[in-house]
**Student:** 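Before I ask anything, here is the structure I am working with.
It should be emphasised that the depicted structure is a prediction, and the values quoted were computed from it without experimental measurement. Letters go in sequence order (proteins before strands), and every chain restarts at 1.
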Amino acid sequence: MYAKSRLKKLCKHPLFLVGFIFLILLVSSSLIHAIFFHSKIPVTTFLYNGEGKIIASGPFNPLEVPPLGTDPTGQQMFFVLIQGAKYTIGIAVIVAGLRVIISSFVGLILGNYLPKLNKYFSGLVNGFYYIPTALVCYVLLFDVMMIPFGFEDEFSFVQKVVFELFVLTVVAIPTTSLLIGNQINQVYKEEFITTAKTLGGSPIHILRKHVLPHMRPRLLIQFMQEVVQVLILLIHLGFFHVLFGGTLEKKLDTDTTEKVYISLSSEWSGIVGEGFEHLHGWSWTFFGPAMAFALVILSFNFVIKGMEDVFLEDRHGTKKRKKKHLKKKTTPREPQYLDFEFIRDHEK
Amino acid sequence: MRIYYRILLKFVLTTIGIVLIAAIPALFQGIKVDIPAYISTVGTIVSSFVHPNALTYSIGQETYALFPDFWARWGYSITLIFTAFFISFLLAMVLTFFTMLLSEKVREKIKFLLFLGESMPDILVVGLFMVIVILIYKHTNILIFNIAAFGDEKILLLPIIVLTIMPTLLFYRIMIYDFEEEASQLYIDVARSKGLKKQKVLFSHVLRNAIINIFLHAKSVIGFMLSNLLIVEYVFKVDGIMRFMFDHFVPEVLMVGMLFMFVPIYVMQAIGQVIIEKTTGRQVEV
């Protein structure tokens, strides 16, 4: 019954609604495009005038071929994006789900059963803050994903997909488990847990009936945040031409050095990376997919905001002051025993 | 004494963590996991601590010594990131100060705009900037900035500007949040009711206490800036440490790169931590 009332509240949250509806529309249109139109992408290589004569050749900008122009091979960008949406969002959701599920287990073990080790573990994990995640992924994926010009593919498509999912998941496990572990630890310190223990609840019972219900909304929010992280990671990797499911390196002519990177899946990040190469001439091939990414990230952020407002508020009363305090779940603060203190007094 | 012990412990642990992370490329042979190779790589890296001058990297068939050349790249990247960090910090501070003088209604709107701005991928910002520079060049024939580095030339201005934008947004939002949190404390009401001016209260009471939390939140901004730095160095083709790590991702190079990014940043954080703990007596974690 709690869940129902919260769901109702969530459905009335304007930001949540906007984000959620946008995402649903995008994914469903992508699926409809695949099922009923067999992922067919309209191609416009030439524009003709009324007499059937060619007046221009591609790629066209968004004014010539609305709504988003065409890419160098004449495919209309809008449909390319619609087609790729389900893969991009799908990958992000799968990786984020795996990250949260695995991290919750690790975090639970770490936070609850090995609290002594936690301090050392957090020190070790600290190293991850000084290297961009995109760089770690690039290092791990480069050899597997890149198929250099003139070389045979070493691994099958499925192998590469599984390996990339694995890498994208694993790089975030240490930091995420630390975060979730700390949150679980925080819950175990609450008063009602002590009460439940005094009343004779077994550890399993406490975990199932008291800790998990408390953690569920937080994990859901964490999951959404991971989705955003994965999307950003995918853009960066696409930017470095490490594309999901493998990159095919091709040369346009035998004597030119210009390379073309071809994505083996039709996912968005590849389009962003390829578009950036043509930023000077055909800027829309970059800004179209980049804006699409920005919109998807924005709608996920809207959903997160809605969830934070609803989930983290109603359990702890509606006082604005308290809600503000709880929103900051990523950086738990030490309890402050005094309401205020003057710095000047301390210096004495 | 206890605080110095904690700082030292964290330093040692993070260094170990960095060694473990840097050896990761050896862990995978193709898509197979190769644990013996990983362990032996960790051993090699640890032994290279003793002989840092023996470290090399290779381009094609040629091998070069890592060290004397390394400092130039390192200095360049550190200049970029620290300049951008302090500019964005100060800029956000000034903006926050003026925002706090506005009414709550306007502030909510500003916060919403910041929320929108934060959702922009950093690559979009870089792309926008490059297009704007090119457009200005096309129409007025004035090249405001060099958009790519050639040879030994070092470009500073444009990378710093690009590197400043997103962290400023992040800092701005964090600061407004922390300032509001602090301004809702009771002692601010007391100060106001004693007849102190709003500016005076903000500057001498709120700022001093809020800056502690702002400092503690700065870590996430630095993490974000490092990934931004990678993109910036890649796009502007500058010869910095991130691009160096990107081009030659063997364990030794990764280790040296990460370690020398970590040390200056950690020194800054540790100094801040000591100051905070000495003045407030509160135990904090950076």
Side-chain angles (χ1 to χ4, degrees), chain A residues 119-120 122-136 138-140 142-144 154-155 159-160 162-163 167 228 231-232 235-236 239-240 272 275-276 279-280 283 286-287 290-291 293-294 297-298 300-301 305 321 324-325 328 330-331 333-334 336 339-343 346-347, chain B residues 9-10 12-21 24-25 28 30-31 115-116 118-124 127-128 130-131 134 177 180-181 184-187 208-209 213 216-217 219-220 222-223 226-227 229-231 234-235 242 245-246 249 254 257-258 261-262 265 279-284:
Chain A
K119 197 171 76 183
Y120 300 101
S122 75
L124 288 179
V125 167
N126 196 26
F128 272 104
Y129 286 100
Y130 300 96
I131 185 164
T133 324
L135 186 58
V136 180
Y138 176 81
V139 165
L140 291 177
F142 183 79
D143 288 332
V144 177
E154 214 179 318
F155 307 102
Q159 270 179 322
K160 281 194 265 190
V162 171
F163 184 68
V167 168
V228 173
L231 284 173
I232 290 172
I235 308 180
H236 286 179
F239 192 70
F240 301 135
V272 175
F276 198 83
L279 188 63
H280 301 244
S283 57
F286 169 72
F287 285 112
M291 282 306 288
F293 256 118
I297 291 174
L298 187 66
F300 271 110
N301 277 342
K305 183 102 172 85
R321 177 87 195 85
K324 264 188 181 171
H325 215 76
K328 219 193 284 174
T330 44
T331 48
R333 245 200 265 166
E334 284 81 16
Q336 287 177 324
D339 272 327
F340 66 93
E341 52 187 340
F342 288 112
I343 289 183
H346 257 277
E347 288 168 349
Chain B
L9 179 72
K10 190 153 192 188
V12 172
L13 284 173
T14 309
T15 312
I16 297 171
I18 284 175
V19 170
L20 293 179
I21 295 166
I24 281 179
F28 294 99
I31 58 172
F115 177 69
L116 292 185
E118 250 175 65
S119 299
M120 277 210 294
D122 41 5
I123 288 181
L124 189 59
L128 271 177
M130 292 188 78
V131 166
I134 291 165
Y177 182 84
E180 283 186 340
E181 179 105 356
S184 64
Q185 302 274 7
L186 282 175
Y187 74 92
R208 268 205 235 170
N209 288 310
N213 284 326
L216 297 180
H217 287 144
K219 190 181 182 180
S220 60
I222 290 178
L226 283 175
S227 99
L229 181 67
L230 175 65
I231 302 287
Y234 181 83
V235 170
M242 282 291 165
M245 280 157 82
F246 180 85
F249 47 82
L254 285 181
M258 281 167 76
M261 277 328 259
F262 160 64
I265 294 172
T279 46
T280 64
R282 211 174 101 199
Q283 200 178 14
V284 293

**Student:** For the candidates P121(B), S220(B), G223(B), which exhibits the highest count of non-hydrogen atom pairs separated by less than 4.5 Å from chain A?
**Tutor:**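 The residue among P121(B), S220(B), G223(B) with the greatest pair count is P121(B).
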**Student:** Measuring from N126(A):CG to I16(B):CD1, what's the distance to the nearest 0.5 Å?
**Tutor:**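 Between N126(A) CG and I16(B) CD1, I get 12.5 Å after rounding to 0.5 Å.
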**Student:** Does any heavy atom of chain B fall under 4.5 Å from the side chain of Y138(A), the backbone, both, or neither of them?
**Tutor:**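 Side chain only.
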**Student:** Between chain A and each of S119(B), G257(B), P25(B), S227(B), count heavy-atom pairs under 4.5 Å; write down the option with the most.
**Tutor:** S119(B)
**Student:** Tell me the closest heavy-atom pair linking A290(A) and L124(B), and the distance in Å.
**Tutor:**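 Minimum heavy-atom separation between A290(A) and L124(B): CB-CD1, 3.5 Å.
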**Student:** What part of Y234(B) lies closer than 4.5 angstrom to a heavy atom of chain A: side chain, backbone, both or neither?
**Tutor:** side chain
**Student:** Please rank V19(B), I21(B), I18(B) by heavy-atom pairs under 4.5 Å with chain A and give me the top one.
**Tutor:**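 Option with the greatest count: I21(B).
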**Student:** Is chain B contacted by the side chain of F142(A), its backbone, both, or neither, given a heavy-atom distance below 4.5 Å?
**Tutor:** side chain
**Student:** Find out whether H236(A) and L230(B) are in side-chain contact, i.e. whether some heavy atom of one side chain is under 4.5 Å from a heavy atom of the other.
**Tutor:**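 No - every pair of side-chain heavy atoms lies 4.5 Å or more apart.
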**Student:** Pick one of side chain, backbone, both or neither for F239(A), based on which atoms fall under 4.5 Å of a heavy atom in chain B.
**Tutor:**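 Both parts, heavy atoms under 4.5 Å.
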**Student:** For F286(A), is it the side chain, the backbone, both, or neither that has a heavy atom closer than 4.5 Å to a heavy atom of chain B?
**Tutor:**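 Only the side chain of F286(A) comes within 4.5 Å of chain B.
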**Student:** What are the two closest non-hydrogen atoms of F240(A) and A134(A), and how far apart are they?
**Tutor:**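 Smallest interatomic distance, heavy atoms only, reads CE1-CB, 4.4 Å.
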**Student:** Heavy-atom distance under 4.5 Å to chain A: side chain of L128(B), backbone, both or neither?
**Tutor:**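 Both parts, heavy atoms under 4.5 Å.
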**Student:** Quick one: are M258(B) and L226(B) in side-chain contact, heavy atoms under 4.5 Å?
**Tutor:**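 In short, these two side chains do not touch, never coming nearer than 4.5 Å.
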**Student:** Find out whether F249(B) and L135(A) are in side-chain contact, i.e. whether some heavy atom of one side chain is under 4.5 Å from a heavy atom of the other.
**Tutor:** no
**Student:** Give, as side chain, backbone, both or neither, the part of L116(B) having an atom under 4.5 angstrom from any heavy atom of chain A.
**Tutor:** both
**Student:** Pick one of side chain, backbone, both or neither for F246(B), based on which atoms fall under 4.5 Å of a heavy atom in chain A.
**Tutor:** both
**Student:** Rounded to the nearest 0.5 Å, what separates atom OG1 in T14(B) from atom OH in Y130(A)?
**Tutor:**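 With rounding to 0.5 Å, OG1 (T14(B)) is 6.5 Å from OH (Y130(A)).
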**Student:** Which atom pair, heavy atoms only, marks the closest approach of F115(B) to N301(A)?
**Tutor:**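 Closest pair (atom of F115(B), atom of N301(A), distance): CZ-O, 3.5 Å.
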**Student:** Which bit of L140(A) is near chain B, if near means a heavy-atom gap under 4.5 Å: side chain, backbone, both or neither?
**Tutor:**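 The side chain, not the backbone.
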